[in-house]
Amino acid sequence: MQLLNLTTLDAILDPHDRALTATPPSSRFATAKRSHLAGELRAAHVGAKVILGGWVHRTRNLGGIVFLDLRDRGGLVQVSFDPKWTPADVIGRAGRVGLETVITIEGEVAARPQEMRNPEMETGDIEVRATDFRIVGPADTPAIPVARGRGEKLPAEELRLKHRNLDLRRSDLQRNIILRHRLQQATRRYLDERGFLEIETPILTKPTPEGARDYVVPSRVHPGEFYALPQSPQLYKQLLMISGFDRYFQIARCFRDEDLRADRQPEFTQIDIEASFIEPDDIISLTEGMLGVLFKEAGREIPQHFERLEYAEAMERYGSDRPDVRYALELFDASDAFRGSDFAVTNSVLAGGGRVRGLKVPGGAVLSRKEVDEIEAIAKSAGAGGLIRIKRTASGLEGPAAKFLSETGAERLGLAEGELGLFVAGSDYVTNPALDRVRQHVAQIMSLVPENKDSFLWVTDFPMFIREQNGTLSSVHHPFTAPNPEDLSLLDSKPERARALAYDVVLNGTELGGGSIRINDPALQRRVLGLLGVDESTAKARFGFLLDALSAGAPPHGGIALGFDRISMMLAGATSLRDVIAFPKTTAARALFEDAPSVVPPEDLRELHLQTMTS
RNA sequence: GGGGCCGUAGCUCAGUUUGGUUAGAGCACUCGACUGUCACUCGAGAGGUCGCGGGUUCGAGCCCCGUCGGCCCCGCCA
């Protein structure tokens, strides 16, 4: 029957509870002060006497009769004040009420005559005929408008953040925040059903030696000592495994004191998961199922299983460990085509052990000189020395480097007519990032990115370590990641060749999360820390508690952490994290609404044994 | 740390190219008119430290230097 039909709005409120629409006269949002949400009223409520409470969204005062759109969490409803059913003094007061005033109204839900229905409103088939109303929360003229005129742009983001209480009244943000709530609840249901325990871990914790900068909190009772806010609950969740909780999760707040971007906030939320007696496949299928549930919550169907790509292959084919595989445009090794040519640039690179790699742009021969120059600028900004460009037109190969190629070289390139070949010469450290950027940019300008396609991907077999400029090793994932047992022997001989039991999940070129199997053998953990240049005494000071715990009977365990804000952002169709976080920070990590950070009185500093530097 | 864009009425913007009288518009606000609107309509009015500081100039919203704030990107960060 029609009462059970879920409208879009009902789905936003809660798709798991159909009671809302099944029994229209009563609402689960009823309280002592109101009977329904304004936005939940439908034709099924016609005849119901209602009391509503909400904000004045817009008013239309026609003189003898007044219309007022009342807004609450559920949406908008038109309230009509008409001498036929409203006392004259009530109409008079209603005609003077200001925007964003909080009012309660009493009235009856009535069907609108056919010609007065508003198909653009969810509640457009009905209106509430007011018999009385009261102002319960007077409002100053809003600093930024909540109801905007058609085509009017949003206020500057600075103002939206400064007046966040008003900005959050907008339906877009309300929808995002409600979606985020539903994703959180879906996460909890999914993991709870599978026996995962939600366990909180400390916010005041120990500084982490590597990775990002910590947010630091001074200790009052221990002069000169500091807590740090967690960059992630990594060590705690391992300790929980060692304690035997077996399956843990947390929707955990994490803190990193680094410079920000549209998709990076100083405090952010991870879905943090850890389990014992598992292998990567356990975490991978658990994550696939969970993402399926989360995407379904936003109305999107995704594959049950995702493609997998080994790290080395991802780098070879795409130049990136999180490739966007919605489009092909794969990289290839063109070294053989340039070998033996008279081209000094490629010859010196090839002689030095580097390679010439690139990609073929179908139809790229028509790109203008200016457009290709732009691509080159991008390649250079990513570290390339330059961009070699060769295109095949009806008259043959063209481009500054074409003349250097021998006939067999040209053949080896394998360019089809109309194709543009773009190449970078150098070591893989140079060509990978440069060609990654080139590939993404070319996909954009050639419109190769499919609009409505989701390409999920697991990138597996990450290396354990990366060799830094100064020659030292550092972890690709983190120092607790287990090496692939097959590569244990490489740890001492060629550590940078050793693969880790680590995996990242990638959607359309964006990393959603990553994880690994952890080391549960204290001797191996010491060995890995040693390779990272952490000597025994430092290891004891920084990770002693973990090493001790590993020695106390640690099960094999591993897990994953997913960027919850980023997932929410993608599912909300937002382009900034700030639009899925109720109270976000600016790119300078400032909170404009409450004005944080701010100075503290000198006496507070003294109590914390702190002194600020003046220069 | 570096690069780019932006800052004019409560809000969204025009005016800056080429310095020149009193800095404009729409929405919001105030007052008035209007009995079926839905971005109601119509009339009148009030509203400005042109982000801030300095400089050039007879004269600066406009040019120059600095600075603050916001956004985007690189570095940084998984």
Side-chain angles (χ1 to χ4, degrees), chain A residues 57-70 76-86 88 91 95-96 98-100 110 112-113 115-121 123-124 127 129 139-163 166-167 210-214 231-232 234 254-266 268 270 321-322 378 380-383 433 437 459 462 466 474-478 481 502 504-506 510-516 560-563 566 575-576 578 585-588 590 592 595:
Chain A
H57 186 69
R58 240 196 277 273
T59 58
R60 292 176 290 283
N61 185 347
L62 275 60
I65 163 173
V66 173
F67 297 96
L68 176 161
D69 292 339
L70 186 70
L76 288 176
V77 74
Q78 171 167 288
V79 182
S80 65
F81 298 78
D82 185 310
K84 294 195 196 81
W85 49 77
T86 317
I91 299 179
R96 288 193 303 272
L99 298 186
E100 297 307 314
R112 295 200 205 178
E115 67 276 14
M116 295 171 195
R117 291 186 184 165
N118 184 347
E120 285 172 21
M121 283 177 88
T123 60
E127 65 179 8
R129 298 184 166 171
D140 296 335
T141 300
I144 57 171
V146 177
R148 270 176 305 144
R150 207 165 283 160
E152 189 184 353
K153 287 190 197 161
L154 284 176
E157 189 153 19
E158 182 175 0
L159 293 165
R160 292 177 46 208
L161 293 173
K162 196 166 186 170
H163 306 286
L166 291 172
D167 197 38
E210 73 171 77
R213 278 183 280 265
D214 288 312
Q231 293 184 22
S232 82
Q234 180 59 36
C254 307
F255 306 85
R256 290 176 192 164
D257 185 6
E258 294 293 345
D259 289 345
L260 306 175
R261 293 283 189 282
D263 60 352
R264 244 191 267 161
Q265 281 275 305
F268 60 98
Q270 286 188 342
D321 61 359
R322 49 178 170 81
I378 285 166
K380 280 182 168 171
S381 78
R437 297 276 298 277
V459 178
F462 277 79
I466 183 164
S474 71
S475 294
V476 168
H477 192 59
H478 57 55
T481 302
D504 275 7
V505 60
V506 174
T510 300
E511 184 196 326
L512 296 183
S516 65
I560 194 166
L562 297 158
R566 211 170 269 188
T575 51
S576 164
R578 294 182 296 273
K585 306 276 192 288
T586 68
T587 46
R590 206 171 260 291
L592 296 183
D595 190 26

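These numbers come from a predicted model, not from an experiment. So that the names make sense, note that chain A is the first sequence line, chain B the second, and so on, each numbered from 1.
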### Task
Report the distance from atom CG of A:Asn61 to atom C1' of B:U35, rounded to the nearest whole Å.
11 Å

### Message
With a 4.0 Å limit, can you tell me whether A:Arg60 has a side-chain N or O closer than that to the phosphate oxygens OP1/OP2 of B:C40?
### Response
yes

### Message
Categorize A:Val66 for me: base, sugar-phosphate, or nothing, with a 4.0 angstrom heavy-atom threshold over every strand shown.
### Response
nothing

### Task
Could you give the distance separating B:U57 and B:G10 at their C1' atoms, to the nearest angstrom?
35 Å

### Message
Distance check needed: B:C40 P versus A:Phe67 CZ, whole Å only.
### Response
11 Å

### Summary
pair_partner(B:A46), Watson-Crick or wobble, both distances < 3.5 Å, evaluates to none

### Separation of the C1' atoms in B:G20 and B:C6, to the nearest angstrom
27 Å

### Task
Could you walk me through whether A:Arg60 and A:Asp69 pass salt bridge (charged side-chain N to carboxylate O under 4.0 Å, His left out), step by step?
CA-CA 9 Å; A:Arg60 292 176 290 283; A:Asp69 292 339; 2.9 Å; yes

### Counterpart base for B:C13, defined by Watson-Crick or G-U wobble contacts under 3.5 Å
B:G24

### Task
If a protein heavy atom is under 4.0 Å from the base, mark B; if only from the sugar-phosphate, S; if neither, -; do that for nucleotides 7-13 of chain B going 5' to 3'.
---SBSS

### Backbone N/O of A:Ala110 and side chain of A:Glu127: donor-acceptor pair under 3.5 Å
no

### Distance-only donor-acceptor test, A:Glu258 side-chain atoms vs B:G75 base atoms, 3.5 Å
no

### Query
How would you label the contact of A:Pro113 with the nucleic acid (heavy atoms, under 4.0 Å): base, sugar-phosphate, or nothing?
nothing

### Message
Let me spell it out: for each of A:Ala147 and A:Lys84, pick the nucleotide of RNA chain B with the closest heavy atom. Which residue's pick is nearer the 5' end?
### Response
A:Ala147

### Task
Please work out if A:Glu127 contacts a base, only the sugar-phosphate, or nothing of the nucleic acid, heavy-atom cut-off 4.0 Å.
base

### Query
Base, sugar-phosphate alone, or nothing: which one does A:Ala588 contact when heavy atoms must sit under 4.0 Å apart?
sugar-phosphate

#### Entry: A:Met121 side chain, from C-beta outward: closest of B:C29, B:G70, B:C38
B:C38

### Nearest to side-chain heavy atoms of A:Pro83, which nucleotide of B:U35, B:C74, B:A78
B:U35

### Query
Expressed in whole Å, how much space separates the P atoms belonging to B:A23 and B:A33?
33 Å

### Task
Just call it for A:Asp321: base, sugar-phosphate, or nothing, with non-hydrogen atoms closer than 4.0 Å on any strand.
base

### Message
Is there, by distance only and without an angle test, a donor paired with an acceptor across the side chain of A:Arg58 and the base of B:C40 below 3.5 Å?
### Response
no

### Query
OP1, OP2 of B:G70 versus side-chain N and O of A:Thr586: anything below 4.0 Å?
yes

### Query
Counting only N and O atoms by type, is there a donor-acceptor contact under 3.5 Å from the side chain of A:Gln270 to the main-chain atoms of A:Ser232?
no

### Message
Please name the nucleotide paired to B:G69 by Watson-Crick or G-U wobble geometry with both distances under 3.5 Å, or report none.
### Response
B:C6

### Message
So, under a plain 3.5 Å distance rule, would you say the side chain of A:Asp259 forms a donor-acceptor pair with the base of B:C76?
### Response
no

### Query
Taking the side chain from A:Thr59 and the backbone from A:Asn61, do they hold a donor-acceptor pair closer than 3.5 Å?
no

### Query
How far, in whole Å, is B:G7 from B:U67 if one measures between their C1' atoms?
13 Å

### Task
Select base, sugar-phosphate, or nothing to describe what A:Thr59 touches, counting heavy atoms under 4.0 Å on all strands.
sugar-phosphate

### Query
Between A:Gln265 (side chain) and A:Arg578 (backbone), is there a donor-acceptor pair under 3.5 Å?
no

### B:U22 and B:C34, which share atom name P, separated by this distance in whole Å
41 Å

### Query
Please give, in whole Å, the distance from B:G70 P to A:Arg578 CZ?
11 Å

### Query
Between A:Arg566 and A:Asp263, is the closest basic N to carboxylate O distance under 4.0 Å?
yes

### Message
What's A:Gly211 touching, base or sugar-phosphate or nothing? Going by heavy atoms closer than 4.0 Å.
### Response
sugar-phosphate

#### Entry: Nearest-angstrom distance, C1' atom, B:U56 to B:C64
7 Å

### Query
Is the shortest distance from a Lys or Arg side-chain nitrogen in A:Asp167 or A:Arg160 to a carboxylate oxygen in the other one below 4.0 Å?
yes

### Query
Considering only the C1' atoms, how many Å lie between B:C13 and B:G61, rounded to the nearest integer?
15 Å

### Query
How would you label the contact of A:Arg261 with the nucleic acid (heavy atoms, under 4.0 Å): base, sugar-phosphate, or nothing?
base

#### Entry: Pairwise P distance, B:G32 and B:G15 [rounded to whole Å]
37 Å

### Task
Spell out yes or no: do the side chain of A:Arg264 and the base of B:C76 have one donor N/O and one acceptor N/O closer than 3.5 Å?
yes

